[in-house]
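Position 1 is the first residue of the sequence, and the numbers go up from there. Whatever order the structure lists them in is the order used to number ligands and atoms, beginning at 1.
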Amino acid sequence: MATKPVLLGLAAAAAAAAAAVLAGGPRWLVLVAGLGAIAVVLATLAAPRREAQAKPDEERDEDGLPARPAPVAEMLDGLVDPVLLVAGGRREDPASRRFVYANAAAKALFLLARREGILATAVRSPEILAIVDEALYGGATGEARYEPGGAQERIWRAHAAPLASGGGDGTLALLTFRDETDVRRTERTRADFLANASHELRTPLASLTGFIETLRGHARDDAGAREKFLAIMHGQARRMGRLIDDLLSLSRIELNEHVPPVGEADLAAAAGDAVEGLAPLAQEKGVAFRIQSPPQGAPVAGDRDQVLQVVQNLAENALKYSAPGGEIAIDVAAGLSAAEAAQPRSEDAAHMVLLMPDHALGQTYAAVRVRDFGPGIAREHLPRLTERFYRVEGQKSGETSGTGLGLAIVKHIVNRHRGGLTVESAEGQGAAFTAFFPSRPD
Ligand code: ADP
């Protein structure tokens, strides 16, 4: 046991404290000196082996790790969270609170040139200054929200705690900050989603309630009106059903988005199945599907139902937005690199990559491209297409319209499969969506 250095450290602590007291220095200086010396003792205790061997030129142990613990200041500079050590001055004088240490993250957040200074000039938030005072003089921890403003919206949670070593009477407090921007953003997205979902369900429900009242009232004995209203009610009820199905699908997909899919599917077969399922609707509208796929198929690694759902949603949209009598082209290709799969095909159309897989060296992909000749989508809408409930303003709504969740579902499924999604479109000239999935390993 390295007794000698411990004693030396304790002696240094006592000497540093005594020197500061004798010099008439402020109390926080006494404490910082004391803390520093205690840190030396702790560091000594933490490295008994090195002491035992007592070889000054030996910087690393046999595992190649540093034998000496990193200095505290260097460790604090390595933290992503801003940290300030605050010393209280005269209680009644807020200007006497000083930060006596600021780590690198704190310097960056408050644009500090130095590691110490007057707290109120660095941190200009009354709420934060209040929790610091509470920690210094009330001995209580406190939290406050901090929003610096500026172009980049960031939200921080500040936390002030008294340091026991400070004696709890106006000496030392630790002020730390945690970046809560992402958490808040997620909370807001969830709240928006709930509000949107409720609104979407409320609209058909209000229509159903209205018709029920009419049928029970003045339309009670009008057979013609009854038939007409019941048909509308049926449509609204189906719309609510579709919404609920899509909401459930989306939540199921999101729940296991981080779980890699097992199984295999064939994009060419999925294209055939999707078109078959849409045949009655396509016939009704006089729209023809044309599929082109490699004769050997396009096998991909993934969940067959989900891969089918992607093709189905894209084909359904193409059909929904096609003019009667039009044509929809579905092209399936295999053996592509991610860059080839995401490559635009049309020169005049706007092109947007909505999702790109992480770089996987040597990975090949199979892609399905669904091209329609409908109204297309203006460039400014492209980035937001996969947001839940996002719809292009002015596009036809009502019974035949979708839920605004189709492309969000597509994106989540493709993301789960580590694939990609792109869109090309020119207003008035139709749209082309391409989804690609990693090829099945041979
Ligand atoms: P929806 O169920 O409303 O179709 P989606 O998430 O599938 O919802 O699509 C979002 C929006 O993107 C649609 O409301 C529509 O405005 C636009 N959109 C999607 N596909 C096409 C397409 N093939 N042609 C034109 N607009 C499209």
Per-atom contacts of ligand 1 with Lys320, taking only distances under 4.0 Å to non-hydrogen atoms: 1 (P), 2 (O), 4 (O)
Taking 4.0 angstrom as the limit, do Arg145 and Glu127 come out as a salt bridge? no
Compare Ala378, Ala431, Gly404 and give the one whose heavy atom is closest to atom 8 (O) of ligand 1. Gly404
Are the side chains of Arg371 and Asp331 in contact, using a 4.5 Å heavy-atom criterion? no
Looking at ligand 1, does any of its N/O atoms fall within less than 3.5 Å of an N/O of Val392? yes
So the atoms of ligand 1 within less than 4.0 Å of a heavy atom of Tyr390 turn out to be 10 (C), 11 (C)
Set of residues satisfying side-chain hydrogen bond (donor to acceptor under 3.5 Å, both in side chains) with respect to Asn415, sequence neighbours excluded: Glu257
Would you please classify the geometry between the Phe437 ring and the His417 ring as parallel, tilted or perpendicular, with 30° and 60° separating the classes? perpendicular
Heavy-atom nearest option to atom 23 (N) of ligand 1, drawn from Asn317, Asp372, Ile409, Leu407: Asp372
Do NZ/NE/NH1/NH2 and the carboxylate oxygens of Arg242 and Glu316 come within less than 4.0 Å? no
Nearest heavy atom to atom 26 (N) of ligand 1 wins, so pick from Ile377, Ile328, Thr386. Ile377
